[in-house]
Structure formats: C-alpha cells, structure tokens
Amino acid sequence: MLFADINLLDENLDYQTHRWVGTTEDGLIAYVGDHAPEGGLAAAFGETYYGAGKLLVPAFYNAHAHAPMTLLRGYAENLPLQAWLNDMAWPFEAKMTGEDNYWATLLACAEMARYGVVSFSDMYYHTDERVRAVVESGLKANICESELYFEPKPFSEYACAAKCEEYVKKYHGAANGRILIDYNIHAEYTSNPQTCADIAAVTKEKGLRMHLHASETKSEHEECKQRHNGMTPIQYFESIGVLDSPTTAAHCVWCEPADWDILAERGVFVAANPASNMKLGSGYAPIPAMLERGVNVCLGTDGMASNNNHDMMQDLYLLALLYKGSTNDPSVVTPKQAFSAATRMGALSQGREDCGMVKEGMRADLAVLDVSGPSWAPMTDPLVNLVYAGHGSDVCLTMSDGTVVYRDGTFPTVDVERAKAEVATRTKRIIAEV
C-alpha cells in the first residue's frame with residue numbers, strides 16, 4: 001500500500017506533513033519521503049491510500065493482556081482483586097474449553113485491531129487455540145502458557161513444562177515471526193521458589209522472554225515481604241534468577257524505590273495497566289518515579305474482566321493524565337512518553353526490535369486516524385491532540401505486518417458477527433455451569 005500525501009508521526013514522534021509511505025507485500029515499510037516515489041516504485045506498492053484528513057502513526061502494542069477473558073466482560077464487577085480472582089474469575093475459567101478460548105481470543109483480536117492494536121502479550125491457557133486465533137486474525141502475539149505452581153517441586157514435574165517445550169518447538173517464530181512464545185510465572189503468591197528458579201533457568205537457557213505479575217496489590221506486596229525475609233516481589237524474583245531473562249512485569253503498583261533501581265538495572269519492562277488497576281481498587285504504578293529512574297515503561301489493557309475494553313487509547317489517556325493529579329505536577333508523563341510506552345516500548349517489551357516506528361526498514365505496523373473531526377481542531381500539537389483528545393473510534397485503518405486487519409468498520413480477516421455470537425453463547429453456558 002502507498003499512503004499518499006499523508007501527515008504522520010515519524011520515528012521520533014515528531015509531526016511531519018505531506019509524506020508518502022510505501023509498504024511491501026512482505027510486511028516492511030520500504031519508503032518514507034516528502035514526495036511520491038519515482039518511476040515504477042509507486043505502482044509496486046499496490047493500492048494508493050490518500051491521506052487527506054488523516055494521521056499515520058505507529059500501531060499500538062498491548063504489553064499485558066489475557067485475551068480469552070472477553071468471555072468474562074461484565075461478569076465479575078465491583079470486587080477487589082483477591083475476591084475477584086477466587087470467587088469469580090478462577091471458577092469461571094475452570095469451565096472454559098479450548099474452543100471457548102479460541103473464539104474469545106478471536107473476538108479480542110478483532111477488538112484490538114479496531115482500536116489500532118497489532119500485537120499483544122498474552123498470559124493464559126489453551127495456547128494451541130490462542131495461536132490459531134491470532135494467526136487467523138493477522139495480528140501478532142507473545143503467548144505464554146500459564147499455570148499456578150503452589151506445590152514445591154521441580155518445574156519438570158508440572159504439566160506446563162512439557163507443554164511449554166512443545167509450544168516453543170511448534171510456534172516460536174511461526175507465521176513469519178508474528179507468534180513468539182514466552183515463559184511465565186503468574187505471580188509470587190501463586191508459585192514457590194523451587195519451581196520459579198527452575199522456570200527461570202529454562203527461560204534463560206532457551207534465550208526466551210519472561211512475563212509475570214508483580215506487586216499488583218498492597219496485600220500481595222506486603223505478604224511477599226513476610227514470606228521472604230523482607231524481600232518485595234521484585235527483589236524476590238531477582239534473588240532466584242527470574243530477572244536474568246528479558247522480563248515484562250505487569251502492574252508493579254506497590255513497588256518501592258529499591259525495586260525501581262532493580263527494574264532499571266535489569267532492563268525490566270513495566271507494563272502499566274492504569275484502567276484495570278484503578279477498576280480493581282489496587283491503585284496505580286508510580287510511573288513518574290520509574291521513568292525518572294530510567295525504567296522501561298510500556299502499556300497494557302489487562303483482561304476484559306478488569307478493564308472491559310481493549311481500547312488502548314483509553315489507557316493511553318489515563319497514563320498521561322492521572323499522574324499529573326496524583327503528584328500535583330502537570331509536567332510528569334509527557335504525551336511523548338505516554339505514546340512511546342504504547343508503541344515503541346511495547347514492541348521492545350516483546351523483543352520486536354524492528355517494530356513500533358514509522359521508519360524505512362521497520363515492520364509495517366501502522367494505524368491511520370481520522371483527524372477531521374471537531375475534537376482534533378485546531379491541530380496546534382497533533383501528539384497532544386492524539387493523547388488527550390483522541391479516541392479509539394478515530395482509528396480508521398489498522399495494518400499488521402503490511403496486512404490490513406481493520407478498515408472503516410470492516411474486519412477483512414475475522415468474521416466478527418460469528419465471533420460475537422459464539423462468545424455470547426459460550427459465556428451464557430459457562431455462567432450456568434458455574
């Protein structure tokens with residue numbers, strides 16, 4: 001596709017007007033210029049997409065999700081985390097089949113594509129079915145198989161060990177690199193040191209990435225310190241080698257200053273989930289302090305039982321706004337820092353070095369926004385408008401690896417009506433079974 005005479009945010013997130021961007025069939029951005037490509041190059045890019053009234057930006061990377069939880073949307077409400085998990089979410093999940101996970105993931109992919117998301121890091125069960133849904137949708141995902149490790153024993157004695165080994169062989173790098181397999185520890189309070197240390201060693205040996213929850217609630221954080229001689233979850237995970245691999249730590253709401261230093265030194269990516277954390281009454285991560293320490297900050301939606309939508313622009317708005325109120329400092333978390341967390345930093349958290357920027361040679365992961373509406377006028381600073389005045393509904397085209405996965409109300413890769421019907425029917429069945 002050739003985006004013609006379109007305004008964009010470049011690799012530095014600076015606003016550029018009247019640009020031409022060409023993407024190839026193999027999913028790369030092959031041309032960025034201030035004039036139309038010369039000779040036969042324009043025709044080689046295929047369809048011309050005219051950019052009047054549009055803004056081209058890097059697509060979003062959802063750094064922490066539980067995609068099949070679209071089945072639980074609106075089900076477990078107005079509860080704190082532990083009651084939400086123990087009384088509602090876990091009993092519901094115990095009734096979910098592989099096909100339930102497939103349809104729920106497919107619906108999640110369509111929803112994310114609608115809002116400009118092209119890739120997500122997913123922690124859940126039934127990996128075969130989730131991979132199938134992502135591949136069919138045209139999106140990308142870092143997928144890890146989750147299990148709770150309450151019994152102290154070698155990781156190899158858990159069923160998840162053999163599953164993960166199989167998934168790495170079958171899927172890591174599949175679909176032209178769109179599928180990557182990570183390893184996972186759900187949290188400190190749902191695991192034990194022996195098994196976690198084994199998982200850490202396997203992850204490091206295989207050169208893979210780690211995905212975990214840390215310090216999501218105050219009780220989780222403080223009880224960890226009681227169990228482990230004063231160590232916080234981050235300090236505990238570091239002590240047993242978990243952070244030796246590239247790691248994404250979701251939430252980190254109650255992390256302490258000593259944790260921030262570890263996160264920075266270890267290059268851990270903190271996946272902030274402002275909507276989910278506030279909805280569950282958990283609080284919100286100390287992002288300004290982390291950014292000041294040099295911590296890598298990315299952005300996630302979490303699951304649909306604790307957020308209710310995959311509109312990354314809502315989380316983007318919260319990330320850029322709430323800390324100004326909580327710190328009484330309007331200068332913290334700039335629009336550029338927030339948008340970078342949702343794009344380039346999210347891509348890097350997934351190990352996707354060639355993603356997250358509008359730049360020649362990068363993967364063609366792009367979103368086009370309609371900026372002709374009244375909330376976008378005047379265009380004094382387009383990045384400010386995007387963060388504070390933009391909405392997910394402004395996305396009119398989403399491209400993943402050069403493939404259009406959403407365009408003007410249509411979903412070329414997903415039968416959305418069937419996915420909606422399947423998920424509604426399956427949710428009704430599961431609620432009856434619970």
Side-chain angles (χ1 to χ4, degrees), residues 1-11 13-23 29 32 34 36 45-62 109-119 137-139 299 301 309-321 335-336 338-340 342-344 346 356-359 362-414 416:
M1 181 174 285
L2 177 64
F3 297 93
D5 196 15
I6 195 167
N7 301 334
L8 58 81
L9 295 180
D10 67 13
E11 62 194 87
L13 300 184
D14 293 328
Y15 184 57
Q16 305 291 343
T17 60
H18 304 293
R19 292 297 190 267
W20 278 256
V21 177
T23 67
I29 299 173
V32 180
D34 58 5
F45 289 131
E47 177 190 355
T48 299
Y49 185 99
Y50 295 98
K54 304 295 198 303
L55 177 67
L56 181 69
V57 301
F60 296 118
Y61 299 81
N62 187 344
C109 289
E111 184 183 2
M112 284 192 247
R114 171 63 186 91
Y115 296 126
V117 178
V118 295
S119 187
S137 75
L139 269 65
L299 186 63
T301 60
N309 68 79
H310 283 115
D311 185 350
M312 285 275 287
M313 291 185 71
Q314 289 193 9
D315 283 272
L316 173 64
Y317 176 80
L318 290 172
L319 182 68
L321 191 68
K336 183 172 284 192
F339 192 69
S340 177
T343 54
R344 178 62 173 166
M357 294 190 290
V358 181
K359 180 182 178 182
M362 304 294 284
R363 306 302 301 178
D365 292 346
L366 303 168
V368 178
L369 288 80
D370 183 347
V371 296
S372 63
S375 66
W376 287 85
M379 196 76 82
T380 306
D381 186 327
L383 182 57
V384 170
N385 276 13
L386 193 160
V387 173
Y388 294 125
H391 302 278
S393 58
D394 294 324
V395 174
C396 51
L397 183 146
T398 304
M399 175 179 283
S400 171
D401 256 16
T403 297
V404 174
V405 292
Y406 172 79
R407 184 171 184 175
D408 297 328
T410 65
F411 298 83
T413 60
V414 177
V416 175

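Keep in mind that this is a model prediction, so the values were computed, not measured.
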> What closest approach, in Å, do Y317 and V387 show between heavy atoms, and which atom pair accounts for it?
Replying inline: CD1-O, 3.5 Å
> Do V57 and T343 pass the side chain to side chain contact (heavy atoms under 4.5 Å, CB included) test, and can you show the C-alpha distance, the side-chain angles, and the key distance before you say yes or no?
Replying inline: CA-CA 9 Å; V57 301; T343 54; over 6 Å; no
> Counting distance only, does the side-chain N/O of R114 pair as donor-acceptor with the main-chain N or O of V395 below 3.5 Å?
Replying inline: yes
> How close do L319 and A338 get, heavy atom to heavy atom, and via which atoms?
Replying inline: CD2-CA, 3.9 Å
>> If you apply the rule side chain to side chain contact (heavy atoms under 4.5 Å, CB included), what do you find for L299 with F60, and how did you get there?
In response: CA-CA 9 Å; L299 186 63; F60 296 118; over 6 Å; no
> Among side-chain atoms of T301 and N62, is any donor-acceptor pair under 3.5 angstrom?
Replying inline: yes
>> Measuring from atom CZ of R363 to atom OG1 of T23, what distance do you get when rounded to the nearest 0.5 angstrom?
In response: 10.5 Å
> With V368, which of D394, L397, V404 fulfils side chain to side chain contact (heavy atoms under 4.5 Å, CB included)?
Replying inline: L397
> What distance separates Q16 CD from L56 CG, expressed to the nearest 0.5 Å?
Replying inline: 12.0 Å
> Just how far is it from atom CG of D5 to atom NE2 of H18, taken to the nearest 0.5 Å?
Replying inline: 5.5 Å
> Rounded to the nearest 0.5 Å, what separation is found between the CG atom of D381 and the OH atom of Y388?
Replying inline: 10.0 Å
> Would you call E47 and M1 a side-chain contact if the rule is heavy atoms closer than 4.5 Å?
Replying inline: yes
> Do the side chain of D365 and the main chain of S400 share a donor and acceptor less than 3.5 angstrom apart?
Replying inline: no
> Any side-chain heavy-atom pair from Y15 and N7 closer than 4.5 angstrom?
Replying inline: yes
>> Within the 4.5 Å heavy-atom criterion, are P335 and L386 side-chain neighbours or not?
In response: no
>> For Y49 and L2: C-alpha separation, side-chain torsions, deciding distance, then whether side chain to side chain contact (heavy atoms under 4.5 Å, CB included) applies.
In response: CA-CA 6 Å; Y49 185 99; L2 177 64; over 6 Å; no
> Mind checking whether P58 and L13 have side chains closer than 4.5 Å, heavy atoms only?
Replying inline: yes
> Would you say E111's side chain and H310's backbone share a donor-acceptor pair under 3.5 angstrom?
Replying inline: yes
> Would you say D10 and V358 make side-chain contact, with heavy atoms under 4.5 Å?
Replying inline: no
> Any idea which heavy atoms bring A59 and G116 closest together, and the distance?
Replying inline: CB-O, 3.4 Å
>> With side chain to side chain contact (heavy atoms under 4.5 Å, CB included) as the test, pick out the partner of Y406 among V117, V414, T398.
In response: T398
> What distance do S340 atom OG and L316 atom CG have between them, rounded to the nearest 0.5 Å?
Replying inline: 11.0 Å
> Going through the distances and angles, do V118 and Y61 end up as a side chain to side chain contact (heavy atoms under 4.5 Å, CB included)?
Replying inline: CA-CA 6 Å; V118 295; Y61 299 81; 3.9 Å; yes
> Is the number of heavy atoms from other residues, nucleotides or ligands under 6.0 Å of F411 CZ greater than 12?
Replying inline: yes
> Side chains of D370 and W376: closer than 4.5 Å at any heavy-atom pair?
Replying inline: no
> So how far is it from F3 CZ to W20 CH2, rounded to the nearest 0.5 Å?
Replying inline: 14.0 Å
